[in-house]
K.L.:
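Would you mind keeping the following structure in view while I ask a few things?
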Amino acid sequence: MKFETKAIHVGEEPDFKEGASGDVVIPIHLSSTFARKRVEKPTQGYEYSRTGNPTRCALENRLAALEEATFGLAFASGMAAETTLALTLLKAGDHILAFDDLYGGTRRLFNRILQQSFKVEASYVDARDLEKVEESIRENTRLIWLESPTNPLMRLCDIEAISQIAKKFSILVVVDNTFMSPYFQKPLLLGAPIVVHSTTKYLNGHSDSVAGAIMLSDEMIYHRLKFNQNALGSILSPFDSFLVLRGIKTLAIRMREHERNAFRIADYLEGHPRVRKVYYPGLRSHSQHALAERQASGFGGMLSFEIDGGLEEAGRFLENLKIFALAESLGGVESLIEHPAKMTHASIPRETREQIGITDSLIRVSVGLENPDDLIGDLDHAFHTMT
Ligand SMILES: Cc1ncc(COP(=O)(O)O)c(C=O)c1O
């Protein structure tokens with residue numbers, strides 16, 4: 001089955017069993033508990049909704065299929081997925097090595113919770129450089145955590161090469177595949193054993209649900225994660241499971257359009273005199289364009305750029321946009337724009353931010369599905385207000 005077909009059908013196959021109604025769309029099973037006829041036989045395997053719920057199960061099967069994984073798990077948020085993963089795979093004294101350009105909330109989880117309260121060490125490396133990655137591995141390194149492209153600087157790492165390095169040292173690799181979505185990039189096929197998502201973004205795609213996911217094929221780790229998901233209670237609700245199932249049906253078509261619009265915006269920005277630099281892996285000017293072409297089947301809908309000016313000019317530009325919403329998050333049908341240093345990445349100390357390259361003139365864009373002429377008109381108007 002091809003990607004588009006899986007995205008519509010897996011998990012929602014009509015039920016023709018005696019007494020079933022053959023729904024084309026799975027019902028939202030709101031029941032918190034499930035009655036059984038015999039003490040030792042839960043009905044269809046369901047007993048209590050935290051442990052298992054038919055609507056969530058449908059979503060989990062679809063999520064697995066999209067990433068070419070055997071197992072999928074759906075969580076209350078991307079961070080709930082990350083926390084459950086970290087608490088399952090790490091213990092006090094272990095070390096986690098992460099790409100230094102990372103979603104701010106992931107860094108906060110590592111530094112402020114895992115390091116401070118659970119005595120798990122975390123260190124960061126520029127994962128564009130394979131030698132540096134290998135050199136940064138410690139005796140107690142258990143996990144390598146990657147985003148590609150990164151948030152917000154759109155840097156890439158070679159997932160296949162890093163997975164091979166990790167294998168030599170028996171270290172697990174986790175790839176946060178939120179930015180690309182499984183439509184454009186499949187880390188499991190590149191050798192990474194675990195994928196996480198904030199499905200809040202492209203997978204749901206409509207900015208109306210907060211959710212997360214883990215996809216993997218290792219049965220032993222899956223059972224540990226499933227046990228901990230139930231024990232910690234980090235599950236996704238039936239209604240949100242339904243929303244994500246619905247959103248995924250149009251993932252392929254949305255991703256193609258996000259990318260088409262992103263190319264138009266990137267080209268426009270690259271030619272604008274008030275823009276110093278555009279970071280979009282689809283541009284030939286992107287230093288890792290060749291890796292982007294090799295590793296993924298597309299370049300996605302996210303880009304960032306350096307505006308010609310500092311905090312004040314960036315602020316004036318952002319506050320004068322009318323169609324782009326000045327908001328955190330990404331991956332929805334509506335175009336969103338934000339200032340990483342003051343918004344998504346404000347929890348990172350200024351010094352660290354500057355070391356990585358998140359300056360006060362950096363602006364991140366999630367290109368939506370509006371008509372690109374309207375989007376360019378909106379940007380044009382905001383640039384004019386800067387002068
Ligand atoms: C790349 C990435 N990973 C993880 C997360 C966390 O996901 P959530 O907000 O669904 O908890 C985000 C949120 O912005 C993100 O951008």
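Since this is a predicted model, take the numbers as computed values, not measurements. Positions are given from 1 along the sequence. Computed from heavy atoms alone, side chains included, the values below leave out hydrogens, waters and symmetry copies.
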K.L.:
Within a strict 4.5 Å, meaning less than it, do heavy atoms of the I214 and V195 side chains meet?
P.N.:
no
K.L.:
Compute the centroid of each ring, for Y268 and then for H272, and state whether the two points are separated by less than 6.0 Å.
P.N.:
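Yes, they do, as the ring centres are separated by less than 6.0 Å.
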K.L.:
In this structure, are over 12 heavy atoms from other groups packed under 6.0 Å from R36 atom CZ?
P.N.:
yes
K.L.:
Can any side-chain N or O of N261 pair as donor or acceptor with the backbone N or O of G368 at less than 3.5 Å?
P.N.:
yes
K.L.:
Quick one: CZ on F179 to CG on L330, what's the gap to the nearest 0.5 Å?
P.N.:
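These two atoms lie 5.0 Å from each other.
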K.L.:
Can you confirm whether L326 is buried at CG, in the sense that more than 12 heavy atoms of other residues, nucleotides or ligands lie under 6.0 Å from that atom?
P.N.:
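It does: L326 CG has more than 12 such atoms within range.
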K.L.:
Name the one of E338, E328, H339 that satisfies side chain to side chain donor-acceptor pair (under 3.5 Å) with T344?
P.N.:
E338
K.L.:
Treating D129 as the side-chain partner and D126 as the backbone partner, does any N or O pair qualify as donor plus acceptor under 3.5 Å?
P.N.:
no
K.L.:
Could you please spell out the steps behind the side chain to side chain contact (heavy atoms under 4.5 Å, CB included) verdict for D101 and I358?
P.N.:
CA-CA 9 Å; D101 185 24; I358 304 174; 4.2 Å; yes
K.L.:
With distance as the sole criterion, is a donor-acceptor pair present between the side chains of N151 and R364 under 3.5 Å?
P.N.:
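There is such a pair (donor and acceptor under 3.5 Å, judged by atom type) between the side chains of N151 and R364.
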K.L.:
Taking the side chain as C-beta and beyond, is there a heavy-atom pair between R276 and F305 under 4.5 Å?
P.N.:
no
K.L.:
D360 and R350: salt bridge (Lys or Arg N to Asp or Glu O under 4.0 Å), yes or no, with the steps?
P.N.:
CA-CA 10 Å; D360 280 350; R350 186 179 187 90; 3.1 Å; yes
K.L.:
Passes side chain to side chain contact (heavy atoms under 4.5 Å, CB included), F227 versus H223? Steps please.
P.N.:
CA-CA 6 Å; F227 177 89; H223 286 300; over 6 Å; no
K.L.:
Would you say E219 and T70 are linked by a side-chain donor-acceptor pair, where the criterion is simply a distance under 3.5 Å?
P.N.:
no
K.L.:
Examine the side chains of H29 and T55 and answer whether a donor and an acceptor come within less than 3.5 Å of each other.
P.N.:
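On atom types as modelled, these side chains do not qualify, holding no pair under 3.5 Å.
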K.L.:
CD1/I363 to OG/S304 distance, rounded to the nearest 0.5 angstrom?
P.N.:
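Taking CD1 in I363 and OG in S304, the distance rounds to 10.0 Å.
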K.L.:
Can you confirm whether Y48 is buried at OH, in the sense that more than 12 heavy atoms of other residues, nucleotides or ligands lie under 6.0 Å from that atom?
P.N.:
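Atom OH in Y48 is not crowded, with 12 or fewer foreign heavy atoms closer than 6.0 Å.
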K.L.:
If I take atom CG from residue L190 and atom CD1 from residue I159, how far apart are they, to the nearest 0.5 angstrom?
P.N.:
5.5 Å
K.L.:
Under 4.5 Å between any side-chain heavy atoms of D218 and P193, yes or no?
P.N.:
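Not in contact.
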K.L.:
Measuring from L245:CG to E60:CD, what's the distance to the nearest 0.5 Å?
P.N.:
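Going from the CG atom of L245 to the CD atom of E60 covers 10.0 Å.
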K.L.:
Regarding T33 and E47, do their side chains bring together a donor and an acceptor under 3.5 Å, going by distance alone?
P.N.:
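Short answer, no.
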K.L.:
Please check: side-chain N/O of R62 versus main-chain N/O of G11, any donor-acceptor pairing under 3.5 Å?
P.N.:
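Checking the backbone N and O of G11 against the side chain of R62, no donor-acceptor pair under 3.5 Å is found.
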K.L.:
Is R56 reaching over with its side chain to a backbone N or O of R50, donor-acceptor style, under 3.5 angstrom?
P.N.:
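It does hold such a pair.
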K.L.:
Please determine whether residues L153 and L311 belong to a single hydrophobic cluster, defined as Ile, Leu, Val, Met, Phe, Trp and Tyr linked transitively by side-chain heavy-atom distances below 4.5 Å.
P.N.:
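No, L153 does not connect to L311 through the hydrophobic network.
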K.L.:
Regarding E134 and K168, does a basic nitrogen lie under 4.0 Å from an acidic carboxylate oxygen?
P.N.:
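Looking at K168 together with E134, the answer is yes, because their closest N to O distance falls below 4.0 Å.
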K.L.:
If you round to the nearest 0.5 Å, how far is CG of L66 from CG of L203?
P.N.:
7.0 Å
K.L.:
Tell me whether L59 is reachable from L243 by hopping between hydrophobic residues (I, L, V, M, F, W, Y) whose side-chain heavy atoms are closer than 4.5 Å.
P.N.:
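No, because L243 and L59 fall into different hydrophobic clusters, even though each may have its own neighbours under 4.5 Å.
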K.L.:
Just how far is it from atom CD1 of I265 to atom OH of Y280, taken to the nearest 0.5 Å?
P.N.:
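So the CD1 of I265 and the OH of Y280 are separated by 10.5 Å.
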K.L.:
Can you tell me if K201 and S198 form a side-chain donor-acceptor pair at under 3.5 Å?
P.N.:
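The answer is yes; a qualifying pair exists.
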K.L.:
Which is it for L251 and F3 under the side chain to side chain contact (heavy atoms under 4.5 Å, CB included) test, yes or no, and what are the steps along the way?
P.N.:
CA-CA 10 Å; L251 180 66; F3 189 92; 3.8 Å; yes
K.L.:
R353 and A346: which non-hydrogen atoms are nearest, and at how many Å?
P.N.:
NH1-O, 3.8 Å
K.L.:
Ring centroids only, cut at 6.0 angstrom: are F299 and F184 within range, meaning strictly under it?
P.N.:
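No, too far apart.
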K.L.:
Would you mind reporting whether E354 and T359 have side-chain heavy atoms less than 4.5 Å apart?
P.N.:
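Side chain of T359 against side chain of E354, heavy atoms only: no contact under 4.5 Å found.
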K.L.:
Sub-3.5 Å donor-acceptor pair from the side chain of T250 to the main-chain atoms of I253, do we have one?
P.N.:
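The answer is no, because no donor-acceptor pair under 3.5 Å joins these two groups.
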K.L.:
In sequence, state the C-alpha distance, the side-chain angles, and the governing distance for S361 and E306, and then conclude on side chain to side chain donor-acceptor pair (under 3.5 Å).
P.N.:
CA-CA 5 Å; S361 41; E306 298 273 353; 2.9 Å; yes
K.L.:
Report the residue from E68, E12, E13 that forms a salt bridge (Lys or Arg N to Asp or Glu O under 4.0 Å) with K6.
P.N.:
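One option only clears the test, and that one is E68.
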K.L.:
Do we see a donor-acceptor contact under 3.5 Å between the side chains of N228 and T88?
P.N.:
yes
K.L.:
Is the gap between the ring centers of Y202 and H258 under 6.0 Å?
P.N.:
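Under 6.0 Å, so yes.
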K.L.:
Assess the residue pair Y183 and R254 against the criterion (side chain to side chain donor-acceptor pair (under 3.5 Å)); give the C-alpha distance rounded to whole Å, side-chain angles, the decisive distance to 0.1 Å, and a yes or no.
P.N.:
CA-CA 10 Å; Y183 180 68; R254 282 188 284 109; over 6 Å; no
K.L.:
Whether the S49 and S32 side chains hold a donor-acceptor pair (N or O, under 3.5 Å, no angle test) is what I'd like checked.
P.N.:
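No, S32 and S49 have no side-chain donor paired with an acceptor closer than 3.5 Å.
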K.L.:
Taking 4.0 angstrom as the limit, do E257 and R260 come out as a salt bridge?
P.N.:
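Looking at E257 and R260, the cut-off is met.
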K.L.:
Should we say atom CZ of R246 is surrounded by more than 12 heavy atoms from elsewhere, each under 6.0 Å from it?
P.N.:
no
K.L.:
Does Q355, at its CD atom, have more than 12 non-hydrogen atoms belonging to other residues, nucleotides or ligands within less than 6.0 Å?
P.N.:
yes
K.L.:
Could you walk me through whether V275 and D308 satisfy the side chain to side chain contact (heavy atoms under 4.5 Å, CB included) test, starting with their C-alpha distance in whole Å, then the side-chain angles of each, then the deciding distance to 0.1 Å, before giving a yes or no?
P.N.:
CA-CA 5 Å; V275 173; D308 180 24; over 6 Å; no
K.L.:
Are L172 and L87 connected in the hydrophobic side-chain network, where two residues link if heavy atoms are under 4.5 Å apart?
P.N.:
yes
K.L.:
Please answer whether the main-chain N or O of C157 pairs with a side-chain N or O of S148 as donor and acceptor at a distance below 3.5 Å.
P.N.:
yes
K.L.:
Looking just at side-chain N and O atoms, do Q185 and S297 make a donor-acceptor pair shorter than 3.5 Å?
P.N.:
no
K.L.:
With a 4.5 Å heavy-atom cut-off, do E121 and R138 have their side chains touching?
P.N.:
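Yes, side chains in contact.
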K.L.:
So, T51 and N230: side-chain donor and acceptor under 3.5 Å apart, yes or no?
P.N.:
yes
K.L.:
Distance only, no hydrogens: is a donor on one side chain within 3.5 Å (strictly under) of an acceptor on the other, for H95 and E139?
P.N.:
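Distance-only check fails for H95 and E139.
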K.L.:
Please determine, by modelled atom types, if N111 and Y124 share a side-chain donor-acceptor pair under 3.5 angstrom.
P.N.:
yes
K.L.:
State, with a plain yes or no, whether a side-chain heavy atom of S285 is found less than 4.5 Å away from one of V278.
P.N.:
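No. Closest side-chain heavy atoms not under 4.5 Å.
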K.L.:
Looking at side-chain heavy atoms only, is the closest gap between L85 and L225 below 4.5 Å?
P.N.:
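Contact flag for L85/L225 side chains = yes.
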K.L.:
I'd like to check F324 versus V365 (side-chain heavy atoms, cut-off strictly below 4.5 Å). Are they in contact?
P.N.:
yes
K.L.:
Could you check whether the rings of W145 and F110 sit parallel, tilted or perpendicular, using 30° and 60° as the cut-offs?
P.N.:
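The arrangement is perpendicular - the two ring planes meet at more than 60°.
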K.L.:
Check the pair E4 / R256 against salt bridge (Lys or Arg N to Asp or Glu O under 4.0 Å), numbers first and verdict last.
P.N.:
CA-CA 12 Å; E4 291 82 347; R256 291 198 284 264; 3.1 Å; yes
K.L.:
When you check the gap from the basic side-chain N to the acidic O, do D158 and R128 get nearer than 4.0 Å?
P.N.:
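No, D158 and R128 are not salt-bridged.
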